[in-house]
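Proteins come first, then strands; the chains are lettered A, B, ... in the order of their sequence lines, and each starts at number 1.
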Amino acid sequence: MISVASLRSKRLGARWFHRDPATIARALLGCALVHGDRAAMIVETEAYLGPEDLASHARFGPTSRTSVMFGPGGVSYVYLCYGMHQMFNIVAGRDGEPGAVLVRAAAPLVGLDPDPGTLRGPGKLTKAMKIGRAQDRVPLIDDALFVARHARPRAIAVGPRIGVDYARDWAARPLRFWIEGHASVSKVR
DNA sequence: GCGGGGATTAACT
DNA sequence: GTTAATCCCCGCG
């Protein structure tokens, strides 16, 4: 029986996130994202690297919005996109190594509509999980917002990131990860 | 200050 | 395939 209480005991520590974004993005698949009394299994992620990555918010260097990406991993980064959708990211890497992982889709576990489409897509995910700007820059060693070990995916697929065609050659890099065949993944190859 | 664009979504034709 | 909704942030002056 899955519960928020049982997930809390399997929480990932800050150091777990002190690796490169692509490694974290892959390792997050199958983990549980918990906010308050809601929990969902992460099924799709994207890695965003440092200033060299033309798709990453870090490409302009640290700014008022993105400086959190340049700090230590294990901290949330939430921003508004297209004026209406919140995007939930987890900072990855050690202090001074910029990068983050966008959580693009998840499957309902606790306290959510069980329809697999409920958290399919980054904007829908934050809406369903009630994650917003109040959850920006929160260290995930938090009683209300954290990530926990949960399941180990059977097969993982890799491909180009979504919606970053402006990033020239970086748009084609294989930095999107998803659980092969899972019904809650936002788009298929 | 001002102007432009975006890590999206749903509802169109 | 196309488009509207909607607003904060960034770059420039």
Next on the checklist: Taking the cut-offs as 6.0 angstrom to the six-membered ring centre and 45 degrees off its axis, would you call Arg168(A) and Trp170(A) a cation-pi pair?
Outcome noted: no
Checklist entry - So is Arg161(A) actually on top of Tyr48(A)'s ring, under 6.0 Å and inside 45° of the axis? => result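 So Arg161(A) does make the cation-pi contact.
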Checklist entry - What is the minimum heavy-atom distance between His18(A) and Pro72(A), and which atoms define it? => result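 That closest heavy-atom pairing would be NE2-CB, 4.1 Å.
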Item to check | Base paired to dC12(C) (Watson-Crick or G-U; both N/O distances under 3.5 angstrom) | outcome: dG1(B)
Item to check | Identified pairing partner of dA7(B), criterion: Watson-Crick or G-U wobble below 3.5 Å | outcome: none
Checklist entry - Could you go step by step and tell me if Arg11(A) and Asp143(A) meet the salt bridge (charged side-chain N to carboxylate O under 4.0 Å, His left out) rule? => result CA-CA 10 Å; Arg11(A) 216 177 330 193; Asp143(A) 285 332; 3.5 Å; yes
Next on the checklist: Can you build the contact string for nucleotides 1-13 of chain B? Use B for base contact, S for sugar-phosphate-only contact, and - for no protein heavy atom under 4.0 Å.
Outcome noted: -----BBBSS---
Item to check | Leu175(A) vs Glu46(A) side-chain heavy atoms within contact, under 4.5 Å | outcome: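 Side-chain contact under 4.5 Å: no.
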Item to check | Any Ser64(A) side-chain nitrogen or oxygen under 4.0 Å from OP1 or OP2 of dC9(C) | outcome: no
